[in-house]
Asks: 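Got a structure for you, questions after.
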Amino acid sequence: MFYHVKELQFNARVPQPDPRFARLLLEQFGGGNGELKAAMQYFVQAFACKQAYPDKYDMLMNIASEEFSHLEIVGATITMLLAGVNGEMKDAAESSWISDIMNGSAAKENIINEALYNPQFCVLTAGGPTVTDSNGIPWSGAYVNANGDLTVDLRSNIAAESRAKIVYEYLLKFTDDPYVKETLKFLMTREITHYQQFEAALETIKPNFPPGVRQEDPRYGNKYFNMSQGEDFAGPWNEGKSTQTKEQWNRIDNPQEYVEQTNGLLDVEVDEGIDAEKMEELTQQLSKERSCEISSSMPQSDLQWSDYGKDQPQQHKSRKKKVMA
């Protein structure tokens, strides 16, 4: 159940219109890294968590609801940045704004560059935001990542918050309006907050590596294929031990020769110190654990999403019998 409070979460203000920046800000309204994408992503992900991870369900729904609040802030800011457009479009009798264009005055070029910077604001919405990105491409459900595995979804969310944060950071470079900057800084900061919340939630799931439940094939997990010619660089991604499985990196400097010698990698031997049987045991163990978590939390009959009437089962049954009679 959603309950709408008519006041914005943040007191967004705009001292004067700026249609050009309104178009840029559309990226965070209906773009691939915008607030609508975030709200829908966390909202959809929450369904799979309801029974097995009620605490994560609560978190995802809360953050999704806040993202809808942020969508409202962005939409309100865009509308304020387009102040006057709707009224001018409604004035069929007289409009200096449209007349300037029709009369071919000197202001024509300036008006086209400003108010018509995104024609959709005029010909489709007359001054309101559109569910598109800054180039007019419609929002798509394909932006939403929901894989049904909480460790995967939380990592997707950490990445989503990172991308949204950097977009706000870039947007700040394109406006000198102190009020708009205040709004953008608030929204940017909340992306940082959500990043940390998702990161903390992921840490409460143990083990959470690798994503999903199946462990790696130990023949290939510690291989670093040097697939490019030129200057080589060393780092913790190709020397020392891997971050999670703590395997010693095995650098393959001649990938073609290695692939040919191992029959297309079919005859790769497991490096000493890596226990292939242990990997399979971990897969089976984690599979049973996660499966049990979900199966045991979901009743097989009389399914009910909400708690209505659960504290009065007998009364519910009696009402059911009366209806049947």
Side-chain angles (χ1 to χ4, degrees), residues 1-4 8-9 22-54 56-79 82 118-121 123-171 184 187-188 190-195 197-199 201-202 205 211-212 290 294 298 303 305-306:
M1 177 175 63
F2 286 93
Y3 180 86
H4 180 247
L8 296 179
Q9 181 188 16
R23 174 179 177 175
L24 292 179
L25 192 55
L26 264 181
E27 198 63 38
Q28 291 302 82
F29 192 80
N33 298 307
E35 302 294 352
L36 178 58
K37 172 261 174 70
M40 292 304 301
Q41 178 159 305
Y42 310 152
F43 183 71
V44 172
Q45 289 175 355
F47 288 103
C49 299
K50 170 67 172 175
Q51 302 296 335
Y53 305 100
K56 309 305 188 300
Y57 173 85
D58 182 64
M59 177 196 68
L60 286 166
M61 279 298 189
N62 276 325
I63 296 179
S65 298
E66 184 178 357
E67 299 292 9
F68 279 119
S69 298
H70 295 173
L71 181 70
E72 186 177 25
I73 292 171
V74 173
T77 302
I78 290 172
T79 302
L82 295 169
N118 185 344
Q120 292 189 357
F121 286 145
V123 299
L124 292 182
T125 68
T130 56
V131 190
T132 70
D133 65 12
S134 56
N135 286 319
I137 299 175
W139 186 88
S140 169
Y143 298 151
V144 174
N145 295 301
N147 294 96
D149 185 287
L150 191 53
T151 65
V152 176
D153 286 344
L154 288 173
R155 287 184 169 92
S156 292
N157 297 349
I158 290 171
E161 295 293 333
S162 301
R163 291 191 296 270
K165 188 267 183 184
I166 201 67
V167 172
Y168 280 121
E169 188 170 323
Y170 292 155
L171 282 170
L184 296 180
L187 294 169
M188 183 194 73
R190 294 307 296 170
E191 308 296 349
I192 299 172
T193 301
H194 295 164
Y195 176 106
Q197 291 174 322
F198 290 133
E199 189 176 45
L202 180 61
I205 304 172
R290 293 284 164 77
I294 297 173
M298 180 68 74
L303 302 179
W305 194 263
S306 300

Asks: Using the salt bridge (Lys or Arg N to Asp or Glu O under 4.0 Å) criterion, which residues pair with E27? Sequence neighbours excluded.
Replies: none

Asks: Just to verify, what does T151 make a side-chain hydrogen bond (donor to acceptor under 3.5 Å, both in side chains) with, not counting sequence neighbours?
Replies: D149

Asks: Is the backbone N or O of N147 less than 3.5 Å from a side-chain atom of D153, with the two atoms forming a donor-acceptor pair by type?
Replies: yes

Asks: Using salt bridge (Lys or Arg N to Asp or Glu O under 4.0 Å) as the criterion, list what pairs up with E199, not counting sequence neighbours.
Replies: none

Asks: Taking the side chain as everything from C-beta on, heavy atoms only, tell me whether Q51 gets closer than 4.5 Å to Y57.
Replies: no

Asks: Just how far is it from atom CZ of R190 to atom CD of E66, taken to the nearest 0.5 Å?
Replies: 4.0 Å

Asks: What's the shortest heavy-atom distance between R155 and P211, and which atoms?
Replies: NH1-CG, 3.8 Å

Asks: Start with the C-alpha distance between M40 and F68, add both sets of side-chain angles, then the distance that settles side chain to side chain contact (heavy atoms under 4.5 Å, CB included), and finish with yes or no.
Replies: CA-CA 9 Å; M40 292 304 301; F68 279 119; 4.0 Å; yes

Asks: So do I166 and N33 actually touch side chain to side chain, heavy atoms under 4.5 Å?
Replies: no

Asks: Would you say P129 and T79 make side-chain contact, with heavy atoms under 4.5 Å?
Replies: yes

Asks: For the side-chain contact (heavy atoms from CB on, under 4.5 Å) test, which of F198, Y53, F43 pairs with L60?
Replies: F198

Asks: Tell me every residue that passes ring-ring contact (aromatic ring centres under 6.0 Å, His included) with F29, counting only those two or more places apart in sequence or in another chain.
Replies: none

Asks: For K165, give me all partners under salt bridge (Lys or Arg N to Asp or Glu O under 4.0 Å), at least two apart in sequence or on another chain.
Replies: E169

Asks: Show the nearest heavy-atom pair for residues R290 and G212, with the distance to one decimal.
Replies: NH1-O, 3.6 Å

Asks: To the closest 0.5 Å, what do you measure between CG (L150) and CG (L202)?
Replies: 8.0 Å

Asks: Working to the nearest 0.5 angstrom, can you tell me the gap between L187 CG and Q9 CD?
Replies: 8.5 Å

Asks: So do N157 and H194 actually touch side chain to side chain, heavy atoms under 4.5 Å?
Replies: no

Asks: Just wondering, more than 12 heavy atoms not from F2 lying within 6.0 Å of its CZ?
Replies: yes

Asks: Could you pull out the closest heavy-atom pair between G148 and A48, with the gap in Å?
Replies: CA-CB, 4.4 Å

Asks: Kindly compute the distance separating CD (E161) from CD (E191), expressed to the nearest 0.5 Å.
Replies: 4.5 Å

Asks: Closest heavy-atom contact between Y42 and A64?
Replies: CB-CB, 3.8 Å

Asks: Identify, with sequence neighbours excluded, every residue that meets side-chain hydrogen bond (donor to acceptor under 3.5 Å, both in side chains) alongside D58.
Replies: N62

Asks: Can you tell me how far apart CG (L154) and CD (Q45) are? Round to the nearest 0.5 Å.
Replies: 7.0 Å

Asks: Would you check if the side chain of K37 reaches a backbone N or O of Y143 as a donor-acceptor pair within less than 3.5 Å?
Replies: yes

Asks: Between atom CH2 of W305 and atom NZ of K50, what is the distance when rounded to the nearest 0.5 Å?
Replies: 6.5 Å

Asks: Could you please spell out the steps behind the side chain to side chain contact (heavy atoms under 4.5 Å, CB included) verdict for Y168 and L171?
Replies: CA-CA 5 Å; Y168 280 121; L171 282 170; 4.1 Å; yes

Asks: Would you mind reporting whether R23 and T132 have side-chain heavy atoms less than 4.5 Å apart?
Replies: no

Asks: Kindly indicate whether the side chain of Q41, heavy atoms from C-beta on, has any atom under 4.5 Å from the side chain of E67.
Replies: no

